[in-house]
J.: 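Below is a structure I'd like to ask you about.
None of these values were measured; they are calculated from a predicted model. For the numbers below, each heavy atom of this structure counts, side chains included, while hydrogens, waters and symmetry mates do not.
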Amino acid sequence: MSARAATTPGPTTPGPTTPGLGLSAVPGWLVAALLVIGMAVAGASLGGLSRPVFVLACGFVGWFAWRQSPATHLQAALILFTFAPFVRRVVDLQVGYDQLGLMLIGPLLAILVPVIHLPRQLETYRVPEYAMWPLGIVAASVVYAGILSMAQGDWTNAASGTLKWLAPLLYAGLLMVSAEREELIKAATSAFAFLLPVVGIYAIYQYVDPLSWDIYWMQLAPIPSIGQPVPYGIRVFGTMNAPASFATFTATGLFLIGFSKRPWPALLAIPAALGLLLSLYRTAWISLAVSILFCLFFAGTRRRAGMILAGIGVAVLLAVLFTPFGDIVADRLSTLSEGTQDGSAQERLEEFVTLWSLPDSSLFGSGFTITDVGAAGTMPIDGMIIACWLSMGIVVGGFCLAALFWAIGNALAVAWTDPAPEAVVIGALALGALSQMPLASITSGESGFLFWTFAALLTPKLDLRVTA
């Protein structure tokens, strides 16, 4: 008996909603939102148990939402990734600072739970080898780095690093064989339409008058780049764990909403745009600009991209001229013209020199490491090139980087050949991720979730089910 491939895939819903739980009619994203609200309000009453309870509850949300549809699961995952750091800080204020950040594992578990369906889906659908090979190479490189950490007895970093890199990767592989591009883009856009107004308002309030849990966390977290825990002294990180992750999520959401056919999400997202500026995270600014410029090359997205570009220009001008933080934003924008003379750029170049000066030039890598960048003599890890080089070595790290370029190239190739606006939008996000690679990590944790999720959406799949 032979299988026959068809270009039109069948139903992609993983299975029927679970009967008998009384929750089958409740959308998975709503369950995720209720979990976040409930933990923020009453989580501290559970004491130290609140942390493992939250992680397990996120796993349940991931299982429940996937039973409804991949689109619902994506929305639930976006909510969890956006608010889990906020819940962590609220609980930490009452229970005590958790250096390991156990609650941040929750969203990763939520996207990892559905991966149990991957073998079954691979029996039903097949994707081209050119799309699967990059995932396989990166996965093998991650396992190699994890083994290096275990060989040094560093079990905590081995587990943490492997989970943060592999969970988004496996989730993307599942989406390749389970979901439809248009459905997921629509779901993500709808989620961001409601998330961005909330996180934007919170971000502005955080900058003007930081709340007690944010101050407590800033005083203990080893992240010197987040500013000072005083009014008008914070580099905004909103509900997330750092300015980089907040800005990356916000820029992605603003880009997707900009191509929405409805005008009201863009208007409601204005606070988020101001929050993006207050993050002072130039890498996200550059990525957003690159994505918009890419869309100008295509007839189906040129008009909307031009409108977005003009709107952003006006918004930045108004923010610089008519807001109390205009001088700070203007000064940060002016540094974009400094090139290699910029302090951050020089620090990144010094990282390359430091690695090359090691006795073996880090030929084999040192595994996953989590260091206190505030400690004297500690080298920060900025960008994918440094991260792969340090953790995997020149050889394996080089293969990992090549696989990332391969995945981005696949997305760009489809965008150039597929006239659909959705394909162009995802190709633009992939190009934006490419611009971030020398400057930031794009494959680990919440950033990896965004990168791999959207990079996987352009992959065509074939239906392998036997047809009569």
J.: So does Ala272 get a backbone contact from the side chain of Thr250, meaning a donor-acceptor N/O pair under 3.5 Å?
T.: no
J.: Write out all pairs satisfying side chain to side chain donor-acceptor pair (under 3.5 Å) with one or both partners inside residues 233-242, taking only residues at least two apart or from two chains.
T.: none
J.: State whether the side chain of Arg89 and the backbone N or O of Met240 hold a donor-acceptor pair below 3.5 Å, judged by distance alone.
T.: yes
J.: Tyr202: which residues meet the side chain to side chain donor-acceptor pair (under 3.5 Å) condition with it, sequence neighbours left out?
T.: Trp213, Asp214
J.: Under 3.5 Å, sequence neighbours excluded: what are the donor-acceptor pairs made by side chains of residues 440-453?
T.:
{"residue": "Thr453", "atom": "OG1", "partner": "Phe449", "partner atom": "O", "Å": "2.6"}

J.: Trp217: which residues meet the ring pair (Phe, Tyr, Trp, His ring centres under 6.0 Å) condition with it, sequence neighbours left out?
T.: Phe237
J.: Within the distance-only criterion (no hydrogens, no angle test), does the side chain of His73 pair as donor or acceptor with the backbone N or O of Gly28 below 3.5 angstrom?
T.: no
J.: Which residue pairs satisfy the side chain to side chain donor-acceptor pair (under 3.5 Å) criterion with at least one member in residues 265-274, sequence neighbours excluded?
T.: none
J.: Name all residues meeting the ring pair (Phe, Tyr, Trp, His ring centres under 6.0 Å) criterion together with Phe298; count only those two or more places apart in sequence or in a different chain, and write none if there are none.
T.: Phe294, Trp416
J.: Less than 4.5 Å apart, side chain to side chain, heavy atoms only: is that true for Leu112 and Leu170?
T.: yes
J.: At their closest point, which heavy atom of Ala319 faces which heavy atom of Leu274, and how far apart are they?
T.: CB-CD2, 4.0 Å
J.: Report the residues that fulfil side chain to side chain contact (heavy atoms under 4.5 Å, CB included) with Ala430, sequence neighbours left out, ordered by chain and then residue number.
T.: Ile408, Ala411
J.: For Val329, what residues pass the side chain to side chain contact (heavy atoms under 4.5 Å, CB included) criterion, not counting sequence neighbours?
T.: Leu277, Val320, Phe325, Leu333
J.: If you take all heavy atoms of Val91 and Met39, which pair is closest and at what distance?
T.: CG2-O, 4.3 Å
J.: Would you say the side-chain atoms of Ser291 pair up with the backbone N or O of Ala428, donor to acceptor, closer than 3.5 Å?
T.: yes
J.: Taking side chain to side chain contact (heavy atoms under 4.5 Å, CB included) as the test, write out the residues that go with Arg304, two or more places apart.
T.: Phe259, Met307, Ile308
J.: Write down the atom of Ala167, the atom of Leu108, and the distance for their closest heavy-atom approach.
T.: CB-O, 4.0 Å
J.: With a cut-off of 6.0 Å (strictly less than), are more than 12 heavy atoms of other residues, nucleotides or ligands near CD of Glu182?
T.: yes
J.: Quick check: closest heavy atoms across Pro210 and Val230, and the distance to 0.1 Å?
T.: CG-C, 4.0 Å
J.: Does the side chain of Leu80 reach to within under 4.5 Å of the side chain of Ile111, using non-hydrogen atoms?
T.: no
J.: Is Asp92 close to Arg51 at the side-chain level, that is, under 4.5 Å between some pair of heavy atoms?
T.: yes
J.: Mind listing the closest non-hydrogen atom pair of Gly275 and Ala203 along with its distance?
T.: CA-CB, 4.2 Å
J.: Should Val31 and Phe64 be marked as a side chain to side chain contact (heavy atoms under 4.5 Å, CB included) after you check the CA-CA gap, both sets of side-chain angles, and the distance that decides it?
T.: CA-CA 9 Å; Val31 177; Phe64 180 78; 3.8 Å; yes
J.: Could you tell me if the side chain of Leu318 sits less than 4.5 Å from the side chain of Leu321, heavy atoms only?
T.: no
J.: Could you walk me through whether Leu401 and Trp389 satisfy the side chain to side chain contact (heavy atoms under 4.5 Å, CB included) test, starting with their C-alpha distance in whole Å, then the side-chain angles of each, then the deciding distance to 0.1 Å, before giving a yes or no?
T.: CA-CA 9 Å; Leu401 287 172; Trp389 187 354; over 6 Å; no
J.: Measure the CH2-CG distance between Trp285 and Leu288 for me, rounded to the nearest 0.5 Å.
T.: 11.5 Å
J.: What do you reckon, is OH of Tyr97 surrounded by more than 12 foreign heavy atoms closer than 6.0 Å?
T.: yes
J.: So which heavy atom on Gly227 is nearest to which on Met218, and how close?
T.: O-CE, 3.7 Å
J.: Evaluate the side chain to side chain contact (heavy atoms under 4.5 Å, CB included) criterion for residues Phe368 and Val142: first the C-alpha distance (whole Å), next the side-chain angles of each, then the deciding distance (0.1 Å), finally the verdict.
T.: CA-CA 9 Å; Phe368 294 115; Val142 172; 3.9 Å; yes
J.: Is it the case that the side chain of Gln436 and the backbone of Met384 share a donor-acceptor pair, with hydrogens and angles ignored and the cut-off at 3.5 Å?
T.: no
J.: Which pairs, with at least one residue in residues 184-198 and sequence neighbours excluded, count as a salt bridge (Lys or Arg N to Asp or Glu O under 4.0 Å)?
T.: none
J.: Calculate, to the nearest 0.5 Å, the distance between atoms OG1 and CG belonging to Thr189 and Leu256 respectively.
T.: 4.5 Å
J.: Ignoring hydrogens and geometry, is there a side-chain-to-backbone donor-acceptor pair from Ser287 to Ala284 under 3.5 Å?
T.: no
J.: Given Phe83 and Val198, is the side chain to side chain contact (heavy atoms under 4.5 Å, CB included) satisfied, shown in steps?
T.: CA-CA 11 Å; Phe83 289 104; Val198 176; 4.0 Å; yes
J.: For Val414, does its backbone N or O pair with a side-chain atom of Thr417 as donor and acceptor, under 3.5 Å?
T.: yes
J.: Using a 4.5 Å cut-off on heavy atoms from C-beta on, say whether the side chain of Tyr205 contacts that of Leu211.
T.: yes
J.: Would you say that more than 12 heavy atoms from the other residues, nucleotides or ligands in this model lie under 6.0 Å from the CZ of Arg303, or not?
T.: no
J.: Under the side chain to side chain donor-acceptor pair (under 3.5 Å) rule, collect the residues that match up with Ser435, sequence neighbours excluded.
T.: none
J.: Drop me the distance from Cys400's SG to Trp406's CH2, to the nearest 0.5 angstrom.
T.: 13.5 Å
J.: About how many Å separate CG of Leu254 and CD1 of Ile257, when rounded to the nearest 0.5 Å?
T.: 6.5 Å
J.: Just verifying a value: how many Å separate Ser279 OG and Ile226 CD1, rounded to the nearest 0.5 Å?
T.: 13.0 Å
J.: Counting C-beta onward and ignoring hydrogens, is there a side-chain heavy-atom pair between Leu296 and Leu293 closer than 4.5 Å?
T.: yes
J.: Can you list the residues that meet the ring pair (Phe, Tyr, Trp, His ring centres under 6.0 Å) rule with Tyr232, with sequence neighbours excluded?
T.: Tyr207
J.: Measuring from Cys295:SG to Phe255:CZ, what's the distance to the nearest 0.5 Å?
T.: 3.5 Å
J.: Is any side-chain heavy atom of Val236 closer than 4.5 Å to one of Tyr281?
T.: no
J.: Answer yes or no: is there a side-chain heavy-atom contact under 4.5 Å between Phe194 and Ile79?
T.: no
